[in-house]
4 protein chains.
Amino acid sequence: MPKLGMEPIRREALVKATITEIGRAGSLDVTVSQIARRAGMSAALAHHYFGGKTQIFLAAMRHTLGVYGAEVRGALAMAQGPRARTEAIVRAGFTSSNFRRDVVAAWLNFYVLAQSDDQARRLLSVYQRRLHSNLVFNLRPLVGSRANEVAVRIAGLIDGLYLREALGRDIPSGDAATGQVLTALEQDLKQTERDPRP
Amino acid sequence: MPKLGMEPIRREALVKATITEIGRAGSLDVTVSQIARRAGMSAALAHHYFGGKTQIFLAAMRHTLGVYGAEVRGALAMAQGPRARTEAIVRAGFTSSNFRRDVVAAWLNFYVLAQSDDQARRLLSVYQRRLHSNLVFNLRPLVGSRANEVAVRIAGLIDGLYLREALGRDIPSGDAATGQVLTALEQDLKQTERDPRP
Amino acid sequence: MPKLGMEPIRREALVKATITEIGRAGSLDVTVSQIARRAGMSAALAHHYFGGKTQIFLAAMRHTLGVYGAEVRGALAMAQGPRARTEAIVRAGFTSSNFRRDVVAAWLNFYVLAQSDDQARRLLSVYQRRLHSNLVFNLRPLVGSRANEVAVRIAGLIDGLYLREALGRDIPSGDAATGQVLTALEQDLKQTERDPRP
Amino acid sequence: MPKLGMEPIRREALVKATITEIGRAGSLDVTVSQIARRAGMSAALAHHYFGGKTQIFLAAMRHTLGVYGAEVRGALAMAQGPRARTEAIVRAGFTSSNFRRDVVAAWLNFYVLAQSDDQARRLLSVYQRRLHSNLVFNLRPLVGSRANEVAVRIAGLIDGLYLREALGRDIPSGDAATGQVLTALEQDLKQTERDPRP
DNA sequence: AATGAATGAGGATTCATTCAT
DNA sequence: GATGAATGAATCCTCATTCAT
């Protein structure tokens with residue numbers, strides 16, 4: 001009994017299973033069989049849908065980036081004014097849907113993959129550029145010509161806290177991380193108050 | 001052609017070759033043969049000296065951490081006063097011997113390895129704790145009770161900039177990264193001036 | 001060419017090939033590839049079905065013991081009275097399906113394997129205990145309290161003749177071996193006649 | 001300081017170490033390094049003295065057979081008359097120097113080796129023939145034309161009891177084994193009394 | 001006499017991928 | 001649409017053996 005319209009369901013199941021398995025293994029050393037099993041299908045079917053292991057990883061990556069992007073857009077839509085919007089961007093990064101142990105592990109591994117796989121690198125670049133311009137756009141009214149520099153600092157700090165979290169044994173605390181970044185942000189704002197450079 | 005006392009020579013060659021190969025591959029998916037070939041010996045000999053692939057990686061890791069630690073100690077020895085010492089710690093992280101493309105790639109992969117390998121995790125913990133307490137010790141006179149929080153921020157930012165550099169296409173610029181961290185540090189110091197909390 | 005339900009077919013082919021190859025080599029120094037090739041498949045498939053080399057050997061062992069056990073049961077079913085049954089047990093051990101050169105070699109190697117592998121040891125123990133109790137049960141009416149001792153002697157002699165056969169160059173003669181054991185048995189019976197010990 | 005006259009000492013140490021290691025492993029899967037280490041020298045030296053792994057095994061085998069042969073000859077020298085001499089041969093096989101766990105394991109493995117190695121086979125043949133003719137020679141006055149057949153039975157039983165002992169968990173009991181064989185022998189003698197066939 | 005150094009050959013095992021059904 | 005069957009290629013690791021010192 002061939003089932004119709006299974007494709008999107010299967011794909012989604014595989015993407016989720018991929019994130020889960022990468023999280024469990026803590027690395028990309030995960031077999032297609034493991035992923036497929038967790039997704040409730042045969043390895044052959046996984047291949048059928050995605051064409052290969054790398055494609056599966058990339059799809060999982062796109063999914064993760066997509067979720068993250070949606071979260072950012074959602075937060076931006078609610079916020080009023082540049083400061084609130086900048087803070088919203090920061091907060092979105094540490095939401096409970098993004099700052100989960102397995103997702104963090106996936107991110108870390110995607111960074112690794114991006115070093116050898118061009119598609120992955122491009123994907124990450126897109127994310128990084130988008131984050132950067134989002135930050136710069138909203139920081140400009142707040143810190144003027146410092147916007148670029150501050151954006152790099154904020155983004156760097158976000159990544160760094162992610163990285164640290166990947167290793168800690170305790171459940172990731174989004175609040176603490178958010179607090180760290182917002183404090184850094186606030187000091188950049190104060191610095192501008194003291195020494196404005198339009 | 002001396003035939004005795006080769007062990008340390010071989011070990012060192014293997015450690016270097018490991019860093020290089022990880023740098024080239026951008027991942028831990030490097031065969032023992034590749035490493036051994038680059039180090040100018042057979043894979044069997046590499047196994048003979050290290051006992052296994054993981055041990056080779058860990059030795060390379062220890063070496064990298066060792067170099068880093070030496071650099072930090074050296075910098076600390078030259079610096080006078082807490083502020084200079086704190087800056088020295090930061091600068092040491094972005095020295096040209098640490099902030100090389102392949103070394104950064106190695107670090108990134110060690111983070112990954114630490115998620116699944118206990119020895120690697122322990123090694124990283126040691127490094128992180130040492131960095132943290134170094135920072136806290138020198139920050140105390142500067143920012144008082146904020147020392148811990150500031151140390152986390154500084155360390156996080158350092159890691160984040162490392163991470164970003166791993167992906168960039170251009171040669172890593174230690175100066176830019178150092179500048180970023182020192183700016184963040186300076187703002188934390190000013191904040192304390194404004195609002196001292198002994 | 002049916003493509004489903006291959007598993008039992010493959011397993012059986014592998015088990016047979018294992019016996020054959022052990023027979024040819026005269027030892028367990030047989031590669032999985034050799035076995036797989038003889039069974040008409042790739043080494044990978046052999047692993048797929050059995051999980052590892054030891055498992056393949058154990059399966060072959062179980063098969064051999066199974067055949068032997070079936071033969072004994074078959075012979076017992078035909079025989080009437082304790083003496084006939086005891087003789088049947090002896091004869092079953094030297095049947096042409098059990099007393100083949102390669103099977104004898106397999107036995108010998110299983111003894112060796114049993115010294116280091118626990119599963120193998122357990123398997124052999126089961127066989128030995130079964131043989132022993134079969135003998136004792138049927139010997140009791142014939143030799144009374146000597147049953148245990150006689151059973152040990154009979155079983156020992158069977159094993160010894162197997163061992164000797166493993167080395168001889170000529171085709172194993174089940175008849176000669178059977179004769180030897182039956183003679184020993186008969187003398188034990190006569191001894192009981194002369195000196196009954198209920 | 002080159003030591004003189006070390007050769008015999010080294011060889012003996014290696015032979016003993018070989019028996020010990022085979023006993024520990026329960027198989028011939030013993031590396032030359034293991035043997036050499038136990039014998040207190042380098043693997044290279046072991047090769048130097050024996051030429052190769054097989055040669056080391058064969059030397060150990062010759063040694064074992066030699067000890068056994070000496071024991072038999074010693075026992076024969078003490079015994080008076082054919083019956084005592086026959087019993088002496090049997091007893092020699094289960095002496096505490098021959099019926100040790102590791103020696104039994106070695107024997108078993110030599111049987112295995114003899115299936116693939118010609119030198120080993122020849123060595124075993126020599127032992128078997130010698131044992132056989134020793135038995136026949138002394139049995140002739142006792143059982144007349146049955147001598148050959150009885151010798152096969154006795155020798156088979158000895159081998160079988162060895163084999164059984166190789167697997168048992170308890171310390172080998174030479175007495176019990178000797179008893180078994182002597183009982184069989186006695187019954188053969190009685191049989192001849194009843195039905196003499198000169 | 002003795003050994004550390006060194007390697008080639010080989011073997012178990014894993015896995016992504018393909019294919020026939 | 002879905003999967004069991006099947007394999008080639010790769011990789012880690014072991015080990016007997018050789019050689020220079």
Side-chain angles (χ1 to χ4, degrees), chain A residues 1-7 9-10 29-37 40-56, chain B residues 1-7 9-10 29-37 40-56, chain C residues 1-7 9-10 29-37 40-56, chain D residues 1-7 9-10 29-37 40-56:
Chain A
M1 233 191 302
K3 291 170 186 169
L4 292 179
M6 290 303 287
E7 177 151 355
I9 297 174
R10 296 296 198 186
D29 284 334
V30 166
T31 71
V32 174
S33 294
Q34 279 169 39
I35 294 172
R37 195 179 316 128
M41 72 195 80
S42 71
L45 193 53
H47 267 270
H48 175 67
Y49 278 129
F50 283 99
K53 192 182 181 177
T54 308
Q55 309 306 318
I56 298 178
Chain B
M1 233 192 295
K3 270 293 172 181
L4 276 178
M6 292 304 289
E7 177 152 354
I9 299 172
R10 296 300 198 184
D29 284 334
V30 167
T31 71
V32 174
S33 293
Q34 280 168 39
I35 294 173
R37 195 177 315 128
M41 73 194 79
S42 71
L45 193 55
H47 270 101
H48 174 68
Y49 280 128
F50 282 99
K53 191 181 179 178
T54 309
Q55 307 305 318
I56 298 178
Chain C
M1 230 191 298
K3 271 293 174 180
L4 276 177
M6 292 303 290
E7 178 153 355
I9 299 172
R10 295 302 197 182
D29 283 333
V30 167
T31 71
V32 175
S33 293
Q34 280 168 39
I35 296 174
R37 194 177 316 126
M41 72 195 81
S42 71
L45 193 55
H47 269 100
H48 175 66
Y49 280 126
F50 282 98
K53 192 180 180 177
T54 308
Q55 308 305 316
I56 298 179
Chain D
M1 237 189 303
K3 294 169 186 170
L4 291 179
M6 291 301 287
E7 177 151 355
I9 299 173
R10 297 297 200 185
D29 284 334
V30 167
T31 72
V32 174
S33 293
Q34 278 168 40
I35 295 172
R37 195 179 314 129
M41 72 195 79
S42 71
L45 193 54
H47 267 270
H48 175 66
Y49 278 127
F50 283 98
K53 192 181 181 177
T54 308
Q55 307 307 316
I56 298 178

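Residue contacts shown for H48(A) are limited to sugar-phosphate atoms, with no base heavy atom under 4.0 Å away.
Atom-to-atom, NE2 of H47(C) to P of dG8(F) comes out at 15 Å; the value is rounded to the nearest Å. Atoms CZ (F50(A)) and P (dT17(E)) sit 14 Å apart, rounded to a whole Å. To the nearest angstrom, P of dA16(F) lies 14 Å from CD of Q55(D). Counting to the nearest Å, the P atom of dT11(F) and the NZ atom of K53(B) are 8 Å from each other. Between M6(C) atom CE and dT3(F) atom C1' there is a gap of 15 Å when expressed in whole angstrom units. For E7(A) and dA2(F), the CD to C1' distance is 13 Å, given to the nearest whole Å. Atom CZ of R37(B) is separated from atom P of dT11(F) by 10 Å (rounded to the nearest Å). Computed from coordinates, the M41(B) CE to dT7(E) P distance equals 8 Å when rounded to whole Å.
At the phosphate of dG4(F), neither OP1 nor OP2 sits under 4.0 Å from any side-chain N or O atom of Y49(C). The side chain of R10(B) contributes no N or O atom lying less than 4.0 Å from OP1 or OP2 of dG4(E).
Distance from the side chain of L45(A) is smallest to dT3(F) among dA5(E), dT3(F), dA5(F). Candidate nucleotides dT18(F), dT7(E), dT7(F) were compared by shortest atom distance to the side chain of A44(D), and dT18(F) ranks first.
Interatomic distance, CD of E7(C) versus NE2 of H48(C), reported as 7.0 Å (0.5 Å rounding). In this structure, OH in Y49(D) is found 7.5 Å from CE in M41(D), a value given to the nearest 0.5 Å.
Contact between Q55(B) and F50(B) at its shortest, heavy atoms only, is CB-O, 3.1 Å. The nearest pair of heavy atoms linking K53(D) to V32(D) is CG-CG2, 3.7 Å. When all heavy atoms are compared, the tightest approach of A36(B) to A46(B) is CB-CB, 4.3 Å.
Nucleotide dA20(F) forms a Watson-Crick or G-U wobble pair with dT3(E), both donor-acceptor distances falling under 3.5 Å. Pair assignment for dA12(E): dT11(F), on the basis of Watson-Crick or G-U wobble contacts that are both within less than 3.5 Å.
Comparing S33(B) and V32(D) by the nucleotide of DNA chain F whose heavy atom lies nearest to each, the residue mapping closer to the 5' end is S33(B). Checking S42(B) against V30(C), the closest nucleotide of DNA chain E that is more toward the 5' end is the one next to S42(B).
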